[in-house]
Amino acid sequence: MQIQEHFPLKKYNTFGIEAFAKRYIKVTNLSELEHVLYTYKSDKLFILGGGSNMLLTQDIDALVIHIDIKGKKVVEENEDYVWVEANAGENWHEFVVWCIDQNFGGLENMSLIPGNVGTTPVQNIGAYGTEIKDTFVRCTAMEIATQQLKTFSRDECHFSYRESIFKQEAKGKYIITSVVFKLTKRHHNINVEYGDIKNQLASKHIENPTIKDVSNAVIAIRESKLPNPKELGNSGSFFKNPIITKDHFNAVQQKFPDIKHFQVSDTLVKVPAGWLIEQAGYKGFRKGDAGVHKNQALVLVNYGNATGQDILNLSKEVQKAVLDKFDIAIEAEVNII
């Protein structure tokens with residue numbers, strides 16, 4: 001465990017932005033994390049996970065603590081369910097694949113989402129009809145100020161769409177060190193409600209899909225729409241899908257009858273941000289090395305040498321175009337640093 005000065009972070013953020021940490025240290029277990037937090041408690045700290053949900057617009061003038069705590073295990077099981085604990089530094093997709101290989105169901109619709117396990121509850125990540133909260137049991141987190149471990153139940157996490165307590169009142173106060181999920185061992189709840197998944201399975205002539213079939217379908221869909229961060233810098237979905245009131249939606253629909261939407265409740269409607277951006281004329285748009293992906297307008301990309309500020313400026317331009325055209329505000333899902 002060694003502190004490194006002026007440490008390059010290009011390989012540690014999926015946008016591939018050239019930025020530097022004033023100081024950097026990697027921790028691989030709880031003892032190391034406790035030691036670092038205690039030793040440098042008066043220092044300005046920045047916690048780094050998989051680097052998949054952030055846009056670096058500047059160098060980080062702090063001690064960057066890279067959470068690389070690995071490990072996963074079954075902590076409880078019965079005939080129908082299994083409780084699996086994964087440490088924060090585990091790669092999310094690799095963990096999902098491992099669960100599927102054990103025939104543990106519940107995470108398959110979230111295959112190929114970039115990032116590590118430790119940050120999944122923060123964002124309440126989700127895809128194709130499932131979210132972390134659906135299988136989440138609890139997480140363990142270390143309080144930065146005291147180095148004490150605290151367990152957060154599902155209710156205590158205050159999950160909502162791409163939100164949790166860790167983005168609100170507990171923001172910057174805790175580091176998630178492990179997460180426990182309750183998964184099915186049999187009688188899996190196969191969720192193929194999204195049309196893309198149905199179409200993908202139909203193209204393979206699969207009528208009774210397994211969790212592996214669903215995972216493969218999701219992977220195929222994501223690979224066809226979303227660029228691989230190792231090949232083209234990106235952070236997955238840059239914007240949240242806006243949720244607006246039904247009255248607001250009805251007013252917009254009068255002007256744009258073909259607007260895509262999903263009913264959230266009797267009073268709320270979710271509108272796909274990708275559709276809004278595409279209709280505003282920004283799908284495939286490029287300004288220098290910052291661009292909107294040609295296959296999925298929800299994704300902003302770095303074609304090589306874009307700065308974080310270049311990406312941020314483009315995101316603001318896209319937001320303004322959507323607001324001007326539809327009177328709908330779209331928020332960034334990515335953390336702007």
Side-chain angles (χ1 to χ4, degrees), residues 109-113 123-131 134 160-163 190-204 206 209 214 217-227 232 234-287 290-301 303 311-334:
N109 290 55
M110 294 183 284
S111 298
L112 213 62
I113 293 178
Q123 197 75 1
N124 184 25
I125 66 166
Y128 299 105
T130 63
E131 293 179 315
D134 301 329
S160 60
Y161 177 59
R162 301 297 175 267
E163 288 288 346
I190 303 294
N191 185 344
V192 294
E193 291 306 304
Y194 270 72
D196 285 351
I197 297 181
K198 285 182 180 177
N199 295 339
Q200 183 67 29
L201 293 170
S203 72
K204 301 289 185 182
I206 298 171
V214 174
V218 169
I219 290 170
I221 295 163
R222 292 184 73 92
E223 285 182 338
S224 71
K225 290 184 175 181
L226 305 174
L232 186 62
N234 74 93
S235 193
S237 299
F238 193 93
F239 300 101
K240 297 179 186 178
N241 291 319
I243 296 175
I244 60 178
T245 65
K246 196 160 188 179
D247 288 344
H248 185 181
F249 172 76
N250 290 339
V252 177
Q253 192 179 37
Q254 285 187 342
K255 292 184 181 179
F256 305 95
D258 59 344
I259 184 171
K260 290 190 176 181
H261 63 283
F262 304 96
Q263 198 78 27
V264 175
S265 68
D266 291 340
T267 57
L268 296 174
V269 177
K270 182 188 292 185
V271 181
W275 186 87
L276 295 170
I277 295 165
E278 184 173 348
Q279 298 303 308
Y282 275 83
K283 187 175 183 180
F285 179 85
R286 178 171 177 173
K287 182 177 282 188
V292 180
H293 194 247
K294 59 184 175 59
N295 294 338
Q296 173 52 272
L298 202 55
V299 178
L300 302 189
V301 296
Y303 283 104
I311 302 287
L312 180 60
N313 291 343
L314 175 60
S315 74
K316 290 179 177 178
E317 184 176 332
V318 168
Q319 286 172 312
K320 183 178 186 304
V322 169
L323 184 63
D324 289 347
K325 186 178 180 73
F326 295 101
D327 192 30
I328 295 177
I330 54 173
E331 294 180 33
E333 184 174 321
V334 170

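Under a 3.5 Å cut-off, the side chain of Gln296 and the backbone N or O of Leu298 do form a donor-acceptor pair. Remark: side-chain polar atoms of His248 are paired, donor with acceptor, to backbone N or O of Asp327 under 3.5 angstrom. Side-chain atoms of Asp134 come within 3.5 Å of backbone N or O of Glu131 as a donor-acceptor pair. Checked by atom type and distance alone, the side chain of Arg286 never pairs as donor or acceptor with a backbone atom of Val292 at under 3.5 Å. No donor-acceptor pair closer than 3.5 Å links the side chain of Tyr161 to the backbone N or O of Lys240. Formation of a donor-acceptor pair under 3.5 Å by the Asn234 side chain with backbone atoms of Leu300 is not found in this model. No donor-acceptor pair closer than 3.5 Å links the side chain of Asp196 to the backbone N or O of Ile221.
Between the CZ atom of Arg162 and the CD atom of Glu331 there is a distance of 12.5 Å, given to the nearest 0.5 Å.
Listed by first and then second residue, the salt bridge (charged side-chain N to carboxylate O under 4.0 Å, His left out) pairs involving residues 266-284 are Glu278-Lys283 (not counting sequence neighbours).
Of all the heavy atoms in Leu314 and Ala290, the pair that sits closest is CD2-C, 3.7 Å. Between Ser315 and Phe238, the shortest heavy-atom distance links the atoms CB-CE2, 3.4 Å. The two residues Phe262 and Pro272 make their nearest non-hydrogen contact at CE1-CG, 3.7 Å.
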